Amino acid sequence: MTDASESGCERCIVAIDGPVASGKTVVGRALAQRLGWRLFDTGIMYRAAAWQVLQNKVPLDEDESVAELIRDSRFELRDAPGRDSVGLDVYVNGRDITPHIREADVESTVTVVAANRQVREMMVAHQQNQASRGCMIVVGRDIGTVVLPHAPVKIFLDASEEVRARRRAAEQNAGADEESVLVATRRRDARDRSRRASPLVAANDAITLDTSNLTLEESIDTAEQIVRQRIPDLSASSDAGPAESG
Ligand code: CDP
């Protein structure tokens with residue numbers, strides 16, 4: 001396992017954690033674009049793991065079988081194509097499965113797979129390795145607490161349940177009804193907050209940013225101010241440029 005904290009790379013890491021649809025990815029992407037860094041959304045790895053479990057029809061409650069399948073599968077992250085893209089695509093055994101990781105069956109099972117302790121250990125090792133490759137905005141649930149506890153900037157992005165459900169419904173098809181999105185959002189949050197392995201919680205030294213009453217632009221501006229206060233020599237850090245993919 002590569003510990004990014006030991007490699008010194010954490011000087012240009014921003015950890016963003018928070019509940020479902022709190023704006024982590026959209027704020028993280030905008031920040032990455034402004035700073036010239038890469039965005040690493042760790043949720044794509046848990047989604048890829050859930051997709052692989054579903055593909056192989058392994059019963060979700062068989063923790064050992066799920067862990068064995070994930071151990072035997074090859075997960076890779078590669079730079080998303082496109083000149084302006086800052087994100088990563090996820091590959092399982094050589095296949096780009098990025099287009100599938102937002103599908104409904106993945107959405108409804110990902111929290112179960114993400115609660116598997118052995119799966120988390122494998123994913124965290126992978127994530128620490130990836131984060132040691134350069135300046136990065138790293139987004140997830142346990143980045144500031146477990147994956148990169150020495151990150152110089154930790155932001156816990158939050159918003160009220162209603163606001164988050166409204167945002168998630170708006171992202172989905174025009175037909176998505178807010179009430180059922182609210183129920184699904186609550187269910188996933190409850191699982192993430194109550195699981196035994198690395199539950200969703202703000203790190204002690206994280207700055208909580210509640211975006212319930214902020215526009216997207218205001219949320220991004222505030223996050224950028226926090227980063228610039230915490231990393232004063234930011235221009236020097238940015239010179240490291242976007243990370244190479246692995
Ligand atoms: O974008 P959204 O908030 O809907 O979810 P996501 O960031 O794509 O993460 C999907 C699921 O993966 C979460 O609900 C967690 O169960 C899990 N996850 C995690 O456990 N730890 C992370 N670092 C990232 C995601």
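Order of listing sets the numbers, starting from 1, for every ligand and every atom in it. The structure presented is a predicted model; accordingly, all values stated were derived computationally and were not measured.
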K.L.:
Please determine, by modelled atom types, if Thr145 and Asp142 share a side-chain donor-acceptor pair under 3.5 angstrom.
P.N.:
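Judged by distance alone, the side chains do not pair up.
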K.L.:
Report yes or no: do Ile143 and Phe156 belong to one cluster of Ile/Leu/Val/Met/Phe/Trp/Tyr joined by side chain heavy-atom distances under 4.5 Å?
P.N.:
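Different hydrophobic clusters.
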K.L.:
At a 4.0 Å cut-off, with the gap strictly under it, does some heavy atom of Arg120 reach an atom of ligand 1?
P.N.:
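In this structure, Arg120 qualifies as a contact of ligand 1 - some heavy atom is under 4.0 Å.
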K.L.:
For atom 7 (O) of ligand 1, what's the nearest protein heavy atom and its distance?
P.N.:
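I find the closest protein heavy atom is Arg141 NH1, 3.2 Å.
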K.L.:
At what distance, to the nearest 0.5 angstrom, does CG of Asp192 lie from CZ of Arg187?
P.N.:
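Atom-to-atom, Asp192:CG and Arg187:CZ are 12.5 Å apart.
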K.L.:
Mark up the atoms of ligand 1 that fall under 4.0 Å of a heavy atom belonging to Val110, in ascending order.
P.N.:
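Close to Val110: 11 (C), 12 (O).
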K.L.:
Of Arg168, Glu107, Arg188, Arg187, which has the heavy atom at the shortest distance from atom 5 (O) of ligand 1?
P.N.:
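Considering heavy atoms of Arg168, Glu107, Arg188, Arg187, the nearest to atom 5 (O) of ligand 1 sits in Arg188.
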K.L.:
If only side-chain N and O atoms count, and only distance matters, is there a donor-acceptor pair under 3.5 Å linking Gln118 with Glu64?
P.N.:
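Indeed, the side chains of Glu64 and Gln118 share at least one donor-acceptor pair under 3.5 Å.
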K.L.:
Check if Met123 has a non-hydrogen atom at a distance under 4.0 Å from any atom of ligand 1.
P.N.:
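No, Met123 has no heavy atoms under 4.0 Å from ligand 1.
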K.L.:
Heavy-atom contact under 4.0 Å between Arg191 and ligand 1?
P.N.:
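Judged by the 4.0 Å heavy-atom criterion, Arg191 does not count as contacting ligand 1.
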K.L.:
Any chance you could measure Gln127, atom CD, to Arg120, atom CZ, to the nearest 0.5 Å?
P.N.:
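The CD atom of Gln127 sits 7.5 Å away from the CZ atom of Arg120.
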K.L.:
Could you see if Tyr91 belongs to whatever hydrophobic cluster contains Val119? Use Ile, Leu, Val, Met, Phe, Trp, Tyr and a side-chain cutoff under 4.5 Å.
P.N.:
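The answer is no; the residues belong to distinct hydrophobic clusters.
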K.L.:
For Thr211 and Arg167, which I'm curious about, is there any donor-acceptor pair between the side chains at under 3.5 Å?
P.N.:
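Note: Thr211 and Arg167 side chains meet the donor-acceptor criterion.
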K.L.:
How far is atom 18 (N) of ligand 1 from its nearest protein heavy atom, and which residue and atom is that?
P.N.:
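Here the closest protein heavy atom is Tyr46 CD1, 3.6 Å.
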K.L.:
To check your reading of the model: name the closest protein heavy atom to atom 8 (O) of ligand 1, its residue, and the distance in Å.
P.N.:
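Here the closest protein heavy atom is Arg47 NE, 2.7 Å.
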K.L.:
Just how far is it from atom CD1 of Ile13 to atom CD1 of Ile137, taken to the nearest 0.5 Å?
P.N.:
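Atom-to-atom, Ile13:CD1 and Ile137:CD1 are 8.5 Å apart.
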K.L.:
Any atoms of ligand 1 less than 4.0 Å from a non-hydrogen atom of Thr42? List them with their elements.
P.N.:
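Ligand 1 atoms under the 4.0 Å threshold to Thr42: 22 (C), 23 (N), 24 (C).
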K.L.:
Is it true that, when you exclude Asn213 itself, more than 12 heavy atoms of the residues, nucleotides or ligands shown sit nearer than 6.0 Å to its CG?
P.N.:
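Incorrect, the count does not exceed 12.
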K.L.:
Say you draw a straight line from NZ of Lys24 to CZ of Arg141; how long is it, rounded to the nearest 0.5 Å?
P.N.:
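The distance works out to 4.0 Å.
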K.L.:
With heavy-atom distances below 4.0 Å as the criterion, list the atoms of ligand 1 near Ala21.
P.N.:
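Ligand 1 atoms under the 4.0 Å threshold to Ala21: 3 (O).
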K.L.:
Run the numbers for me: atoms of ligand 1, each under 4.0 Å from some heavy atom of Lys24, listed by number.
P.N.:
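By the 4.0 Å cutoff, the relevant atoms are 3 (O).
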K.L.:
Does any N or O of ligand 1 fall below 3.5 Å from an N or O anywhere on Arg195, backbone included?
P.N.:
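N/O-N/O distance under 3.5 Å: yes.
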K.L.:
Could you check whether any heavy atom of Arg102 sits closer than 4.0 Å to an atom of ligand 1, since that is the contact criterion I want to use?
P.N.:
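Yes, that is the case, since the closest heavy atom of the residue is under 4.0 Å from the ligand.
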K.L.:
What I'd like to find out is whether the side chain of Glu161 reaches to under 4.5 Å of the side chain of Leu182, using heavy atoms alone.
P.N.:
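In contact.
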K.L.:
Which of the numbered atoms in ligand 1 are under 4.0 angstrom from any heavy atom belonging to Asp192?
P.N.:
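Within the 4.0 Å cut-off of Asp192, ligand 1 contributes 13 (C), 14 (O), 15 (C), 16 (O).
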K.L.:
For ligand 1, which atoms have a heavy atom of Val20 less than 4.0 angstrom away?
P.N.:
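Close to Val20: 3 (O), 4 (O).
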K.L.:
Return yes when Met45 approaches ligand 1 closer than 4.0 angstrom through a heavy atom, no otherwise.
P.N.:
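It does not; every heavy atom stays at 4.0 Å or beyond.
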K.L.:
Report, in ascending order of atom number, the atoms of ligand 1 lying under 4.0 Å from any heavy atom of Ala114.
P.N.:
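Answer, ordered by atom number: 16 (O), 17 (C), 20 (O).
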